[in-house]
Amino acid sequence: MSTDKRYDYDLFTIGAGSGGVRASRMSAVHGARVAVAEERYLGGTCVNVGCIPKKLLVYGSHFADDFEDAAGFGWTVGERAFDWPSLIRNKDQEIARLNSIYRGLLQSHGVELFESRARVLDPHTVEVAGRKVTAANILVATGGWPTVPNVPGKEHAITSNEAFHLPEMPRRVVIVGGGYIAVEFAGIFNGLGAEVTQLYRGPLFMRGFDIDVRNTLADEMRKKGIDLRFEADIAGIERNGKTLTATLKDGQALETDAVMFATGRLPNTRGLGIEEIGVELARNGAVVVNENFQTNVPSIYALGDVTDRVKLTPVAIAEAMILARVLFKGDVGPMDYRNIPSAVFSQPPVGTVGYTEEAAREHCGEVDVYRTAFRPLKHTLTGRDEQTMMKLIVERAGDRVVGCHMVGADAGEIIQGLAVALTCNATKADFDRTIGIHPTAAEEFVTMREPVSGGD
Ligand code: NDP
């Protein structure tokens, strides 16, 4: 690539999260002179207050069930005690290690790091650490931030950001919201022994997921003792010493030690200076970009959560790989947003790829639906009443599998493999001729023969 010497850098990235670091690093690999500014923590939400610490807490909380289940296999597990500060300390140590890996990755690729807030002054100038620097291209990769509804007493509540650093484990928790973060933390706190009440404002949580996933997960979370309430929302919070009282819209009052809002995340664009120089933002603050991640100001780009499209780390990383090529290799390759798999690390977890049954009926015409629900082999000895649910949605005209959904142990691990099949346009006949691995739960995905319902 040729470098424009009028500017200090070829690329200045704001935000060293998953997307920003990958775009910076790959641009440097393609020969660009790159700098990145980060005011908070290297690795962004995913590494510091998202995917990674969340999954560590999920592992930690699962031991309660594992100790109980061990009895069915002949084990006597002695006295158990859980120490929240140890878990948090160990988790923080691991995150510090990851932060330094991110730092090393930037350094080893020659990317200059400013550990400071950056502000865009004009289409090629950024103010950072008291200096003005110029760049041919500016990338906004500032991610998102939890948003909390404006209810009286909201200042007494926490979000996922604080949940990762609580000095002690709350004995009782009220979680507001019915999406990814709400169900994941309901499972974490429940597994660690707290009394959990989860409030969702609509008739059924996990909007956007397949209907059988939503119903199965609700049943399983209730079986684990989570007080899951639908058509329930919070009206206000009062503090009385260490105790909080959450008043619901129907007038009920819940005494609790913590109220956690998991009511969505908004793009982080405030105070960046981009609106002032004419970069188009959506009503919720998201940066509006074209298929090459370019804003209406041609030298300014954005990707990842700040664009509020698909808020998932691997998507931001894939976008970053494409952007680096677009900018410094001259390639133009639109990102393929079809068949993005995802997992929710609820307990039990959810894995999903492709269309929900409802969306498949809308986009694919007639469909056949295959579904199975069973008690996993492990639980025949534990006695645990837990169901695994698996579902395939097949486009009748072309026999293509257009959706795979699962609730059950290892759902994320299983669906990752099936996502490859969907990306390759696998048909139901391809699934049928695939030999199962016995005995696994996953083999059910290749042995479902009779549709439960057809298209109409
Ligand atoms: P989600 O958008 O998934 O869920 C927000 C929830 O809060 C919804 O149930 C929503 O209800 C509800 N809600 C929104 N506003 C209000 C309000 N004012 N009062 C009451 N309830 C409200 O957001 P999350 O915060 O859970 O997560 C943000 C994103 O981060 C996710 O969408 C996902 O992309 C990503 N993520 C991915 C994870 C993974 O891959 N495992 C894990 C965690 C996050 P309604 O449905 O009615 O709008």
Side-chain angles (χ1 to χ4, degrees), residues 17-19 44-59 143-154 157-164 174-188 197-209 211 213-214 217-218 221 228-237 246-250 259-268 284 286 304-319 337 340-353 356 406-407 411-413 415-416 419:
S18 306
T45 303
C46 177
V47 165
N48 295 278
V49 284
C51 328
I52 299 297
K54 177 272 308 291
K55 188 125 189 234
L56 293 173
L57 297 197
V58 170
Y59 281 130
W145 199 250
T147 170
V148 167
N150 200 12
V151 295
K154 65 177 183 183
I158 58 169
T159 67
S160 50
N161 280 352
E162 294 77 36
F164 287 113
V174 172
I175 296 181
V176 187
Y180 281 81
I181 297 178
V183 297
E184 291 181 340
F185 271 93
I188 289 168
T197 306
Q198 184 180 344
L199 310 175
Y200 174 60
R201 62 182 175 180
L204 180 61
F205 69 176
M206 299 292 280
R207 189 164 59 82
F209 284 81
I211 187 70
V213 166
R214 298 165 72 187
L217 185 63
M221 287 176 65
L228 188 53
R229 303 189 188 186
F230 296 151
E231 308 281 13
D233 206 355
I234 202 158
I237 307 165
T247 307
L248 309 195
K249 286 190 176 158
D250 67 3
V259 175
M260 174 174 163
F261 282 106
T263 43
R265 297 174 60 87
L266 282 180
N268 233 339
N284 68 353
D305 285 7
V306 77
T307 61
D308 194 32
R309 297 195 291 189
V310 185
K311 291 179 275 188
L312 296 172
T313 285
V315 172
I317 289 175
E319 291 176 342
Y337 289 93
I340 293 171
S342 81
V344 186
F345 296 96
S346 47
Q347 297 181 38
V350 172
T352 177
V353 58
T356 63
M406 174 174 175
V407 181
E413 308 290 339
I415 292 291
Q416 180 68 83

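Residue indices begin at 1 and follow the sequence shown. As the structure is a prediction and not an experimental result, all values here were calculated from the model. Any value given below was found using the heavy atoms of this structure, including those in side chains, with hydrogens, waters and symmetry copies removed. In each ligand, atom 1 is the first atom listed, and ligand 1 is the first ligand listed.
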How about Tyr59 and Phe345: are their ring centroids closer than 6.0 Å? no
Pocket residues of ligand 1, ordered first by chain and then by residue number (heavy-atom cut-off under 4.0 Å): Lys54, Pro149, Gly177, Gly178, Gly179, Tyr180, Ile181, Glu184, Tyr200, Arg201, Arg207, Asp233, Ala262, Thr263, Gly264, Arg265, Lys311, Leu312, Ala343, Phe345
Within the side chain of Arg214, is there an N or O that forms a donor-acceptor pair under 3.5 Å with the backbone of Met206? yes
Glu231 atom CD: more than 12 heavy-atom contacts under 6.0 Å: yes
Is the centre of the Phe185 ring less than 6.0 Å from the centre of the Phe261 ring? no
Treating Thr159 as the side-chain partner and Thr147 as the backbone partner, does any N or O pair qualify as donor plus acceptor under 3.5 Å? no
Hey, are the side chains of Val49 and Ser160 touching, using non-hydrogen atoms and a 4.5 Å cut-off? no
